[in-house]
Amino acid sequence: MRFPFPRSAKLLLHVGRACLVVPILFAAAGNEATTGEDTTTPTGLETKLAFKRDVLPVLKKHCFDCHGQQEQEGGVRLDVLSQNMLEDRNAAEVWHEVLNVVSAGKMPPEDASTMTATETNKLTQWLSTSINEAIAASKQTDGRVILRKMNRQEYQNTMRDLLGVDMDYVGDLPPDAVSPDGFINDGQSLRMSAYQLECHLDTARRAMDRVLKSGEAPEVFKHEFAESRNDKWISTAIKSNRLGRQQEFLAKMKKYPDEGEFIVTVKLTAELIPDGGFPLLEVSVGYCPDTQILIREFEPVEVSSQDEQVFQFRGQLQDFPMPVRGQGKYPGLVVRIRNVYDDGSALPKEQKDEQKKKFYPDEPHLPKLLIQSVQFEGPVFEQWPPMTHQKIVFESPLQNVSDTAYVRKILSNFMTRAFRRPVHDEELQRFADHYELIRSDFPSQIEALREVLALVLIQPEFLYLVEPANDRKRPVTGWEMASRLSYFLWSTMPDQHLLNLAANGDLLKDTVLVSEVERMLSDQRASRFIEQFTDQWLQLDRLESIAVDTKRFPNVDEPLKRDLRKQTHALVGKVLNENLSALQLIDADFVMLNERLARHYKIPGVMGASMRPVETLPEYHRGGLLTQGSILLANSTGSDSHPIRRAVWVRDRLLNDPPSPPPPDVPTLENGDPKFRERSIREQLEIHRKKTACNNCHQSLDPWGLALENYDAAGLYRDPPKTEPGGEKTYPATANRLPNGIELVDAEGLKRHLLTERVEDFSRSLVIHLLTYSLGRPIQLTDRDAVVALTSSSKADNYRFRTLITQLVLSPPFRTK
């Protein structure tokens with residue numbers, strides 16, 4: 001029996017006691033940026049005098065016109081910015097950026113008065129001295145609380161690994177907020193509302209219902225089908241055991257379970273085509289005509305052998321569209337088998353035989369699946385209660401001695417795993433008391449335990465990665481390091497091996513950390529790091545929001561977009577797994593492809609659904625991130641290329657040098673010209689740059705995007721511009737120059753520029769984004785030395801990616817709080 005929240009006044013009272021710490025820590029999450037700041041140390045008199053005497057005149061002469069009372073370009077105002085960097089952290093961050101741009105010669109801009117060497121020296125010397133003093137003080141006293149809530153993916157993985165049941169744990173949770181740095185694991189962006197807390201409690205209760213079983217073992221249903229049924233069905237596909245593109249194997253069951261784990265077993269052979277692709281086996285289960293999702297598919301599996309093979313697919317019935325008992329239309333649970341391989345050729349038209357029965361002509365150029373049998377079994381379990389139940393409610397001599405002692409032992413084991421550290425006596429006592437209070441409200445021990453353990457799963461110690469505050473910086477403990485490593489590299493809770501190393505004190509040793517990073521990166525769970533970091537760093541989530549012009553790109557569908565994303569994951573994964581130079585991300589002599597992508601890029605000779613490295617040739621115009629369809633499509637309009645979006649992406653994601661946002665009164669591109677849209681992109685931008693308000697930004701921005709203009713919205717290469725007899729160009733010209741005179745003609749020129757002139761900037765950007773992701777917070781002034789050290793060591797090691805991650809784990813920011 002389940003109860004709404006709250007189910008009674010007595011329960012509400014004790015829930016309040018059990019969760020008393022929740023609102024306190026939620027409030028702390030909103031204030032974490034200021035906790036532990038030293039607000040008592042004054043700025044030295046000498047520094048103040050130096051500012052007034054040497055620095056202020058330089059700022060007035062060169063900076064305040066654009067960053068003063070009248071104008072604040074880029075949202076930066078310097079005339080009222082505090083000079084007390086010891087007390088004002090935000091001011092210190094801004095002054096640090098001023099130091100960077102002045103030292104790099106980016107400021108003042110070319111159209112402004114030039115600083116003399118003496119002026120530059122006075123400004124940079126004061127900035128360096130003040131910033132170093134602030135860093136030194138912060139290193140000792142910066143003891144902020146790091147209170148980061150798990151994001152959706154981390155919560156999904158953690159609940160599955162903790163409970164041992166694979167189900168949808170995040171369906172009712174809102175999307176994760178994206179930080180200004182582009183990450184969804186930033187503690188300052190991940191908030192918890194009362195509504196979210198209630199959703200977490202509801203999810204925890206549903207999960208415990210699935211895990212903790214009571215009563216007798218349920219009836220097990222087994223069905224086996226040797227032939228596809230010809231019952232009336234919603235699709236127009238032909239029912240058959242021999243599956244091409246337009247046939248399907250259909251099995252219907254009138255007797256079936258309503259919940260629990262099930263297995264679908266498919267026995268088959270295949271007809272393969274020489275030098276052709278492989279058939280793709282897709283299994284679907286369900287049937288609920290009253291919902292939008294009628295049936296749910298498993299991920300397709302490639303069948304690469306002609307021999308008889310057996311494939312198994314496991315799922316939880318509660319996660320599939322289930323029939324309504326007694327419904328009139330096609331009642332029963334359905335298993336559908338399809339071959340979803342498609343080479344892109346035209347479909348043959350439907351025909352009818354002499355009995356007027358429809359069929360589709362055979363397609364001898366395509367591979368087929370020959371289904372021998374399909375078996376359904378569910379619910380499946382090796383023992384009752386299942387192992388997932390017995391892992392929590394285990395056999396113990398205490399069962400026959402003391403219910404209280406037995407429940408305390410259950411709680412202690414579960415809370416230690418959930419909190420990812422040893423549980424404190426007062427924490428254990430609070431939940432043991434809660435169990436005693438509500439036990440009489442539930443008909444059995446198991447049902448009372450479900451409620452108590454669900455409450456454990458909404459505690460901050462579970463939902464948050466909590467590292468207690470201190471007055472001074474300190475090394476993280478072994479338990480904290482175990483969680484930092486696991487959520488960085490696996491996006492989930494630590495495994496037992498990590499926890500054992502934390503318990504015996506070995507995890508903090510350098511040699512052990514190096515060994516653990518290697519072990520974890522070699523584990524299949526490291527694919528979560530590859531996908532999560534790559535998606536967030538490179539902003540691949542934009543692919544989901546791009547509305548592709550289907551008239552221009554009829555073949556760019558959702559499966560292709562998924563493969564484009566997988567291609568980027570595969571490139572980053574290969575560089576990581578083989579410890580290649582991270583510069584291969586800029587340009588590589590191989591391209592990760594499968595058959596669908598190769599067909600999209602018009603690269604011959606690639607067959608099969610699996611991603612693999614293929615040697616790239618000059619005529620393919622591929623190699624590295626800049627020529628991947630995921631990047632090019634995500635930074636397009638969906639109809640055509642968008643050089644400004646692409647330019648901003650290159651500057652921001654690859655160089656960590658995002659341009660300032662445009663001012664609110666920036667004029668539009670069109671400017672009332674009725675033929676404006678007929679002009680090339682280059683010509684449009686040249687007209688736009690004639691406006692004084694736009695030129696300063698665009699002269700340093702446009703070339704980065706125009707260099708990629710030979711790739712359309714879908715990432716397909718288009719030949720350089722041709723001039724027609726009428727004088728009009730069929731494609732926009734791409735040649736353009738940076739303010740320093742360097743010409744970026746095309747993607748190859750852009751890659752050469754990044755790998756020669758900006759290689760250290762790219763390396764530093766990668767270090768900053770990796771640190772930001774690993775720490776779950778923005779990089780701050782106190783991290784400057786670590787960024788410099790990691791960038792330097794990466795350069796000395798030829799920028800090898802896997803080694804960089806190991807060095808990051810050994811760095812001070814990762815090992816201290």
If you compare all heavy atoms of [X] against all heavy atoms of [Y], which two are closest, and at what distance to 0.1 Å?
X      : Y      : value
Ser639 : Phe553 : O-CE1, 3.5 Å
Leu744 : Gly749 : CD2-O, 4.0 Å
Ser189 : Ala177 : O-CB, 3.4 Å
Gly286 : Ile295 : N-CG1, 3.8 Å
Met607 : Arg612 : O-NH2, 2.8 Å
Leu564 : Gly629 : CD2-CA, 3.9 Å

### Message
Can you pull out every salt bridge (charged side-chain N to carboxylate O under 4.0 Å, His left out) where at least one residue sits in residues 567-577? Sequence neighbours excluded, please.
### Response
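Sorted result for residues 567-577: Lys574-Glu578.
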Would you mind reporting whether [Y] and [X] have side-chain heavy atoms less than 4.5 Å apart?
X      : Y      : result
Leu280 : Val301 : no
Leu625 : Gln628 : yes
Phe801 : Leu766 : yes
Pro813 : Leu771 : yes
Leu489 : Ile805 : yes
Leu593 : Gln567 : yes
Leu654 : Ile586 : yes
Phe462 : Met159 : yes

### Message
With side chain to side chain contact (heavy atoms under 4.5 Å, CB included) as the criterion, how do Val650 and Leu626 come out once you've worked through the C-alpha distance, each side chain's angles and the decisive distance to 0.1 Å?
### Response
CA-CA 8 Å; Val650 172; Leu626 292 168; 3.9 Å; yes
Looking at [Y], is its backbone amide N or carbonyl O close enough to the side chain of [X] to form a donor-acceptor pair, meaning the two atoms are under 3.5 Å apart?
X      : Y      : value
Gln536 : Phe533 : no
Ser774 : Leu770 : yes
Arg338 : Leu281 : no
His600 : Ala714 : yes
Gln584 : Leu571 : no
Ser641 : Pro643 : no
Thr616 : Phe590 : no
Asp168 : Gly171 : yes
Arg245 : Asn339 : no
Trp649 : Ile631 : no

Mind checking the [atom1]-[atom2] spacing from [X] to [Y]? Nearest 0.5 Å is all I need.
X      : Y      : atom1 : atom2 : answer
Gln156 : Thr203 : CD    : OG1   : 9.5 Å
Thr772 : Asp181 : OG1   : CG    : 5.0 Å
Ile458 : Asp202 : CD1   : CG    : 11.0 Å
Arg528 : Thr492 : CZ    : OG1   : 5.0 Å
Asp657 : Arg651 : CG    : CZ    : 4.5 Å
Asp702 : Arg737 : CG    : CZ    : 15.0 Å

#### Entry: Candidate pair Thr550 and Val556, rule side chain to side chain contact (heavy atoms under 4.5 Å, CB included), full reasoning
CA-CA 7 Å; Thr550 55; Val556 180; over 6 Å; no
### Message
For Phe320 and Phe298: C-alpha separation, side-chain torsions, deciding distance, then whether ring pair (Phe, Tyr, Trp, His ring centres under 6.0 Å) applies.
### Response
CA-CA 10 Å; Phe320 287 75; Phe298 287 94; 5.4 Å; yes
Salt bridge between [X] and [Y], side-chain N to carboxylate O under 4.0 Å?
X      : Y      : answer
Asp712 : Arg718 : no
Lys561 : Glu558 : yes
Asp535 : Arg565 : yes
Glu154 : Arg148 : yes
Arg777 : Asp783 : yes
Arg646 : Asp652 : no
Arg622 : Glu748 : no
Glu282 : Arg336 : yes
Asp549 : Lys551 : no

Would you confirm whether the ring centroid of [Y] sits within less than 6.0 angstrom of the ring centroid of [X]?
X      : Y      : result
Phe529 : Phe488 : yes
Trp704 : His753 : yes
Tyr601 : His621 : no

### Query
How about Glu619: does its CD atom have over 12 heavy atoms from other parts shown lying under 6.0 Å from it?
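Yes, CD of Glu619 has more than 12 neighbouring heavy atoms, counting only those of other groups under 6.0 Å.
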Can [X] and [Y] be counted as having a side-chain donor-acceptor contact under 3.5 angstrom?
X      : Y      : value
Asn594 : Asp563 : yes
Tyr487 : Thr158 : yes
Ser630 : Thr568 : yes
Glu302 : Tyr341 : no
Gln153 : Asn157 : yes
Arg542 : Asn635 : yes

### Query
Within 45° of the ring axis of Trp490 and under 6.0 Å from its six-membered ring centre, is that where the NZ or CZ of Arg525 lies?
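That pair qualifies as a cation-pi contact.
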### Task
List the steps and the verdict of side chain to side chain contact (heavy atoms under 4.5 Å, CB included) for Leu190 and Asp176.
CA-CA 7 Å; Leu190 292 166; Asp176 295 317; 3.8 Å; yes
### Task
Decide yes or no on side chain to side chain contact (heavy atoms under 4.5 Å, CB included) for Met150 and Tyr464, but give the supporting numbers first.
CA-CA 6 Å; Met150 286 187 278; Tyr464 281 71; over 6 Å; no
### Query
Relative to the ring of Phe183, is the ring of Tyr773 parallel (under 30°), tilted (30 to 60°) or perpendicular (over 60°)?
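It falls in the tilted class, 30° to 60°.
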### Query
With under 30° as parallel and over 60° as perpendicular, where do the rings of Trp537 and Phe762 fit, or are they tilted in between?
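Trp537 and Phe762: tilted rings.
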